[in-house]
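Heads up, the thing below is written out as structure tokens.
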Amino acid sequence: MQRPDDLNESQWQAVRHEGPHLLITAGPGTGKTHTLTRRIARSVPSLKSGEAILAITFTNKAARQMQERLTALGAARSQVFIGTFHAFCLKLLRDHLEHTGLPKDFKVAVPEDISGFDKETLERISLIKSSQLALEGDGDFKAYQRYLRQNNWIDFDDILREALILLEDEAVAGPLRRRFRHIFVDEYQDSNIVQNALLKILVRDGVLLTAIGDANQSIYGFRGSRVELFRRFEKDFSPSTILTLQDNYRSAPSLLKASGQVMGGIQLLAGLETEGKLVIHQAATDRAEADYVAHHIEKLIGGMDMNTSRRAVRSLGDIAVLYRLNAQRHAVAQALEHLGIPFQTAQKPKKPQEYSDEAILGQSEEEMEFNVEKVSLMSLHAAKGLEFPVVFIMGCEKNLLPLDLSGMKGDPEEERRLFYVGMTRAKEHLFLTHAKRRQLFGRTMIQEPSPFLADIAEDLKAYEAARRQAPKKGPDAAQMKLF
DNA sequence: TTTCCGCACTTTTTT
DNA sequence: AGTGCGGAAA
């Protein structure tokens with residue numbers, strides 16, 4: 001068969017690869033989802049009667065999108081189970097209830113249900129659970145599990161752990177292996193130890209595993225994701241092949257080069273020839289930083305491009321503003337509001353939702369869709385998987401990126417990857433801003449630029465000075481703060 | 001039992 | 001700065 005037009009050579013190689021397990025390393029903008037979808041679709045016709053495909057996604061949203069794309073490619077819904085690890089495992093538990101030790105009417109507890117345990121304890125327990133560590137001696141753990149059992153609950157981590165126990169039963173695992181002959185896992189760099197163990201049980205007796213992801217975009221270590229599982233793939237699933245997609249079709253070459261420098265000199269191949277622009281801006285304060293961003297957005301939308309004397313054609317939906325901490329959002333939001341620029345925050349609605357099986361299985365209907373007539377404000381984490389022509393990353397400062405404030409310190413390597421994820425969201429324009437003085441959690445901090453900025457070659461960076469301030473009369477800055 | 005004041009603490013997020 | 005919690009007062 002000849003290579004389809006919508007696949008490049010390495011994508012095509014990954015799509016048609018046959019034989020044992022496959023790990024596809026797919027950097028940002030290399031057509032990861034497209035390639036994976038095509039590979040899944042291609043494996044459908046090889047299924048015999050009664051066989052099916054298991055496709056694991058990172059979120060329910062991703063599952064829905066994958067389902068849509070596969071349907072468009074003509075795959076029958078009955079032949080493919082698409083869902084998160086949690087959705088798949090919950091279905092297993094329900095379908096094989098009699099083989100589990102769970103009560104018939106067990107419910108899945110959501111964080112809002114749980115009371116009497118502090119956040120720190122719950123996070124610790126969750127990390128322990130998702131890492132398969134020894135639990136017996138832990139008093140908190142015992143009390144917590146007793147509490148769950150009294151309420152007929154299992155928690156999100158338990159869905160996976162109970163499924164793992166269930167799969168030790170050959171009467172359950174055997175038929176599953178004969179049914180799911182192909183398993184696909186997206187975002188493999190963000191899987192955890194329990195998920196890895198589940199895969200090891202499912203992938204036997206000729207079942208073929210395809211995992212795809214990018215170790216440089218692993219940003220969920222704080223909740224149990226283990227990037228070393230990605231690097232260990234060949235050991236875990238042997239024999240296997242590793243293929244790499246390195247043609248980037250998202251970012252302008254100069255931006256690609258810059259992000260590669262931040263990520264220790266890796267280099268994706270530029271598939272575009274668009275002209276990029278990377279601007280560094282230092283502001284006096286966090287508020288001045290927010291004003292700079294807001295004014296710049298105003299200029300991009302309505303104004304004239306001074307260099308080309310053409311009308312700049314950006315819509316609000318082309319623009320994203322990213323930051324490390326949600327606490328930083330307030331300043332930008334205020335500045336945008338002041339200029340009357342509509343914006344949206346990519347955060348899940350906080351309303352106390354009934355968490356039913358349907359929600360975990362991704363079948364709840366309502367979902368926040370992004371509005372193309374609004375600027376998007378979100379954390380760097382929330383930006384993963386998205387792309388925008390214009391991206392602002394605010395707070396590119398020493399203590400914020402990498403995060404290292406009193407009481408909160410991120411893993412330096414993971415923080416670097418997070419910054420990389422942010423940079424690689426940008427297609428054409430990337431603005432990296434920082435402030436000299438910042439108010440955060442009621443404290444004033446004197447800030448230095450993020451060390452990540454120094455990793456970008458000077459010839460790729462343009463330094464943009466602050467707008468000329470209108471001469472201020474009346475109360476000085478110190479007095480202004482009273483308002 | 002309810003309300004109020006002072007103190008401590010503050011990430012990132014999906015299921 | 002804002003919130004949530006615990007202890008003390010009502």
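Because the structure is a prediction, the values reported are computed rather than measured. Letters go in sequence order (proteins before strands), and every chain restarts at 1. Hydrogens, waters and symmetry mates are skipped; everything else that's a heavy atom, side chains included, is used.
- To the nearest angstrom, P of B:dT11 lies 10 Å from CG of A:Leu405.
- Distance, A:Asp404 CG to B:dT11 P: 15 Å, rounded to whole Å.
- Comparing C:dA1, B:dT13, B:dT15 by their closest approach to the side chain of A:Phe222 singles out B:dT13.
- Rounded to a whole Å, the NZ atom of A:Lys409 is 15 Å from the C1' atom of B:dT12.
- Dashed line: the shortest gap from a side-chain N or O of A:Asn60 to OP1 or OP2 of B:dT14 is not under 4.0 Å.
- At a threshold of 4.0 angstrom between heavy atoms, the contacts of A:Arg443 with the nucleic acid are absent.
- Between the CZ atom of A:Phe419 and the C1' atom of B:dT11 there is a distance of 18 Å, rounded to whole Å.
- When rounded to the nearest whole Å, the span between CG of A:Leu148 and C1' of B:dT15 equals 15 Å.
- Taking atom CD of residue A:Gln439 and atom P of nucleotide C:dA1, one finds them 7 Å apart after rounding to whole Å.
- Under a 4.0 Å N-O distance rule, the pair A:Lys129/A:Asp155 qualifies as a salt bridge.
- In terms of polar N and O atoms assigned as donor or acceptor, the side chain of A:Arg223 never comes within less than 3.5 Å of the base of B:dT12 in a complementary pairing.
- A:His281 places no side-chain N or O within donor-acceptor distance of the main-chain N or O of A:Thr433, the cut-off being under 3.5 Å.
- An OP1 or OP2 oxygen of B:dT11 is reached within less than 4.0 angstrom by a side-chain nitrogen or oxygen of A:Lys119.
- Minimum atom distance to the side chain of A:Met408 is reached by B:dT10, of the listed B:dT10, B:dT13, B:dT15.
- Atom CD of A:Glu387 and atom CD of A:Glu428 lie 10.5 Å apart (nearest 0.5 Å).
- Side-chain N or O atoms of A:Ser130 include one that pairs as donor or acceptor with a backbone N or O of A:Ser126 at under 3.5 Å.
- One can place NZ of A:Lys107 at 18 Å from C1' of B:dT15, the figure rounded to the nearest angstrom.
- A cation-pi arrangement is not found for A:Arg232 relative to A:Phe237, the charged atom failing to lie both closer than 6.0 Å to the ring centre and inside a 45° cone about the ring normal.
- Closest to the A:Thr59 side chain, of the nucleotides B:dT15, B:dT11, B:dT13, is B:dT15.
- Rounded to a whole Å, the CZ atom of A:Arg417 is 18 Å from the P atom of B:dT12.
- In terms of phosphate contacts, A:Asn192 brings no side-chain nitrogen or oxygen within less than 4.0 Å of OP1 or OP2 of B:dT14.
- Checking B:dT12, B:dT10, B:dT15 against every side-chain atom of A:Phe441, the shortest atom distance belongs to B:dT10.
- Here the nucleotide nearest the side chain of A:Ser379, chosen from B:dT13, B:dT15, B:dT11, is B:dT13.
- Contacts of A:Tyr220 with the nucleic acid, taken as non-hydrogen atoms under 4.0 Å apart, involve only primed sugar atoms and P, OP1 or OP2.
- With distances taken from any side-chain atom of A:Leu325 to the nucleotides B:dT15, B:dT11, B:dT10, the minimum falls on B:dT11.
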